[in-house]
There are 2 protein chains.
Amino acid sequence: MRTGRPRSFDRHEALEGAIAVFWEHGYDATSIAMLTRALGIGAPSLYAAFGDKRALFLEALDRYIRTYGAFTARALAEEPNARDAVERLLREAAAAYTRPDRPRGCLLIAAATNCSPQSADIAARLRELRGVGARALEDKIAAAARTGELPAHTDAHALATFYAAVLQGMSAQARDGAAGTDLEQIADAALQAWPPAADQGASDGVGAAPK
Amino acid sequence: MRTGRPRSFDRHEALEGAIAVFWEHGYDATSIAMLTRALGIGAPSLYAAFGDKRALFLEALDRYIRTYGAFTARALAEEPNARDAVERLLREAAAAYTRPDRPRGCLLIAAATNCSPQSADIAARLRELRGVGARALEDKIAAAARTGELPAHTDAHALATFYAAVLQGMSAQARDGAAGTDLEQIADAALQAWPPAADQGASDGVGAAPK
DNA sequence: TCACTTCTGTAGTGATCGTTCTAGAAGTAC
DNA sequence: GTACTTCTAGAACGATCACTACAGAAGTGA
C-alpha cells in the first residue's frame with residue numbers, strides 16, 4: 001500500500017468539478033480560487049494532484065472529449081450514412097448543449113474564445129482539436145461522395161465547414177439562453193441545406209433535372 | 001475656446017484603437033496596459049477621456065455597431081425581400097469577418113463569450129444587443145410571411161434563430177482562421193435552408209406541388 | 001513507539017489587475 | 001507677467017492573479 005498521508009478528496013470527482021467550472025467560465029476567466037472553492041480543497045492539494053492550471057485544464061479537456069463530447073465522434077463512427085451521422089450529430093448536440101444539469105454549450109468550442117495572449121497556446125490547442133473534428137466530418141462526407149450517397153462533385157470541405165459553423169452557432173445560442181427546442185429547430189434548418197441525393201432514380205428529386 | 005492644457009491625442013483615433021484591441025482580445029482579456037500601449041497614451045489620459053474600462057468598452061461597442069457592424073441593420077432595412085436581406089447579410093458578414101485589415105469575426109458576438117463573473121453585466125449587454133438583432137431578423141421574416149414572400153405558416157422565430165446561429169458560427173470560424181471563401185460557402189449552404197417560396201406560380205418551383 | 005512519506009492549511013511570493021494620487025507641463029484669460 | 005484650468009507622466013494604491021514555502025497532520029512500515 002502507498003505510504004504517506006492519504007489524499008482527502010477523490011481525484012476523479014475533483015476533475016469532474018474542474019470540468020464544470022472550466023465549461024461554465026472558460027479557461028482564462030476561471031481562477032484557482034474559483035476551483036478551490038468549487039472543489040472544496042486547498043490550492044496546494046490541487047497543485048499536488050494536477051500540476052498547474054494549464055495541466056488541469058488539459059486533463060479536464062481530455063476527459064470532457066471522451067465523455068460529454070464523445071457523442072460527436074460516436075455519431076460519425078456508428079452511422080453508416082453521412083446524412084444520418086450529421087443529423088444525429090446535430091440532434092444530440094441540441095440536447096447536450098442545453099441540459100439543465102450541465103453548463104451550456106460546448107467546452108471545446110467555448111472555453112477559450114477570448115483569451116489573453118499568454119493563454120494563446122490553450123486557445124491554439126482547442127482550435128486544433130476543433131480542426132480534428134471538422135476534418136473527421138469532412139472525411140465522412142467525402143466518403144459519402146465516393147459511395148454515391150452524395151453527388152460525386154460534392155464539396156466535402158465546404159459542407160463540413162458549414163456544419164462545423166452550425167455547431168459553433170448552436171453552442172453560442174445555448175450559452176445565450178436558447179431553449180433545447182430552439183437548438184433542435186436550428187438543427188432542422190441546417191439539415192435542409194443537405195445536398196440533394198445523387199440522381200439515380202431513388203432520390204426524392206429536389207435537385208433532379210427538370211422534365 | 002476651451003481653457004487648460006489641450007489633449008495630446010485624438011479622442012476619435014483612440015476610440016478606434018480601443019475598438020481594435022477589444023475586437024481582437026475581448027473585454028476581459030484586454031488590459032488597461034494593452035490599451036495604453038496600443039493607443040500610445042498614459043493610463044490617466046485614458047481614464048480622463050473615457051471614464052473607466054467598462055465605459056470605454058461600451059463606447060467602443062456603440063461605435064462598432066454604428067460603423068463596422070452596421071451592415072446587418074442596413075441589409076434588413078434596405079432590401080425589400082427577406083430572402084435578399086438574409087443573403088446580403090450573410091455575404092457581407094463573410095467579407096466583414098475576414099478582412100485582413102481588421103480583427104476577425106464580430107465584436108458583438110465574440111467580445112465576451114468567456115467572461116469572469118464580475119464582467120457578467122458586459123456579457124449581458126452584448127447578449128441583449130444580439131437579441132435585438134435577432135428580433136429584427138425575425139420581424140423581417142414574419143413580414144415576408146404576411147406579404148406572401150414566404151408561406152404563411154413559416155416559423156419566423158425558428159428561421160431567425162437559425163440564421164443568428166449561422167452568423168455566430170461564421171464569426172467563430174473566422175476567428176479559427178477560416179478564409180473568406182470558406183465563410184462564403186457557409187453562407188451559400190445556409191441559404192439552401194431558406195424555405196421554398198409560397199406556392200403561387202411565380203416561384204421557381206423548388207417546393208411547388210408536383211404536376 | 002519511531003522513522004518515513006505524503007498530503008493539508010496557512011500564509012506569503014512576485015506579478016499584474018484596474019484605478020488614482022501627485023507634481024508639473026501646457027494651454028487660455030486677464 | 002500671473003491666475004486659472006486641464007491634461008500628462010510616474011509612481012503607487014489595494015485587490016487579485018497563479019503559484020509555493022513551511023509546518024504540522026495523518027497515514028504506513030518497522
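Every chain is numbered from 1 and lettered A, B, ... according to where its sequence line falls, protein lines coming before strand lines.
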**Request:** Taking the side chain as every heavy atom from C-beta outward, state whether B:Leu129 and B:Leu61 have any atom pair closer than 4.5 Å.
**Result:** yes
**Item:** Atom pair distance, as rounded to whole Å: CZ in B:Arg37 and C1' in D:dG10
**Value:** 17 Å
**Item:** Whole-Å distance separating the CG atom of B:Leu46 from the P atom of C:dT20
**Value:** 12 Å
**Request:** Round to a whole Å and report the spacing from CZ of A:Phe9 to C1' of D:dA26.
**Result:** 15 Å
**Request:** Kindly state which residues belonging to residues 52-63 of chain A come within less than 4.0 angstrom of DNA chain D, counting heavy atoms of the residue only, listed by number.
**Result:** A:Asp52, A:Lys53
**Message:** If only side-chain N and O atoms count, and only distance matters, is there a donor-acceptor pair under 3.5 Å linking B:Gln185 with A:Asp155?
**Reply:** yes
**Message:** With the threshold set at under 4.0 Å for non-hydrogen atoms, list the residues of residues 16-29 of chain B touching DNA chain C in residue-number order.
**Reply:** none
**Message:** Under 4.0 Å, heavy atoms only, any strand: does A:Thr30 hit a base, just the sugar-phosphate, or nothing?
**Reply:** sugar-phosphate
**Request:** Check whether any side-chain N or O of A:Arg175 sits under 3.5 Å from a backbone N or O of A:Glu24 as a donor-acceptor pair, and report yes or no.
**Result:** yes
**Message:** Does anything in residues 118-172 of chain A form a ring pair (Phe, Tyr, Trp, His ring centres under 6.0 Å)? List the pairs, not counting sequence neighbours.
**Reply:** A:Tyr163-A:Trp194
**Message:** Tell me every residue that passes side chain to side chain contact (heavy atoms under 4.5 Å, CB included) with A:Ala93, counting only those two or more places apart in sequence or in another chain.
**Reply:** A:Phe71, A:Tyr97, A:Leu167, A:Met170
**Item:** Results of side chain to side chain donor-acceptor pair (under 3.5 Å) for B:Glu13 - residues two or more places apart only
**Value:** none
**Request:** Figure out the CD1/C1' separation between A:Ile32 and C:dA15, and round it to whole Å.
**Result:** 15 Å
**Request:** Determine: side-chain N/O of A:Ser8 to OP1/OP2 of C:dT8, distance under 4.0 Å, yes or no.
**Result:** yes
**Item:** Separation of atom CG in A:Leu39 from atom P in C:dG9, rounded to whole Å
**Value:** 13 Å
**Prompt:** How about A:Ser119 and A:Asp28: does a side-chain donor come under 3.5 Å of a side-chain acceptor?
**Reply:** yes
**Asked** For B:Gln118 and D:dC17, what is the distance between atoms CD and C1' respectively, to the nearest whole Å?
**Response** 11 Å
**Prompt:** Pick the nucleotide of DNA chain C nearest each of B:Gly4 and A:Pro6; which residue has the one closer to the 5' end?
**Reply:** A:Pro6
**Asked** Quick one: does A:Arg63's side chain have a donor or acceptor within less than 3.5 Å of a partner on A:Tyr68's backbone?
**Response** no
**Item:** Test side-chain contact (heavy atoms from CB on, under 4.5 Å) applied to A:Phe57 and A:Asp52, A:Leu126, A:Ile19, A:Thr30, the passing residue
**Value:** A:Leu126
Sort me out a list of protein N/O and nucleotides 22-25 of chain C N/O pairs below 3.5 Å, or just none if empty.
unit_1 : atom_1 : unit_2 : atom_2 : d
C:dG24 : N2     : B:Arg5 : NH1    : 3.4
C:dA25 : N3     : B:Arg5 : NH1    : 3.2

**Candidates C:dT5, C:dT8, C:dT19 - which lies nearest the side chain of A:Thr3** = C:dT5
**Request:** In whole angstrom, give the distance that lies between atom CG of B:Leu35 and atom P of C:dG18.
**Result:** 8 Å
**Request:** Among B:Arg54, B:Arg11, B:Arg66, find the one that has a salt bridge (Lys or Arg N to Asp or Glu O under 4.0 Å) with B:Glu59.
**Result:** B:Arg11
**Request:** Using modelled atom types only, decide if a donor and an acceptor are shared between the side chain of B:Glu92 and the backbone of B:Ala75 within a distance under 3.5 Å.
**Result:** no
**Request:** Using the six-membered ring of B:Phe22, assess whether NZ or CZ of B:Lys53 lies under 6.0 Å from its centre and within 45 degrees of the ring axis.
**Result:** no
**Prompt:** Does a side-chain N or O from A:Tyr47 land closer than 4.0 Å to OP1 or OP2 of D:dT20, or not?
**Reply:** no
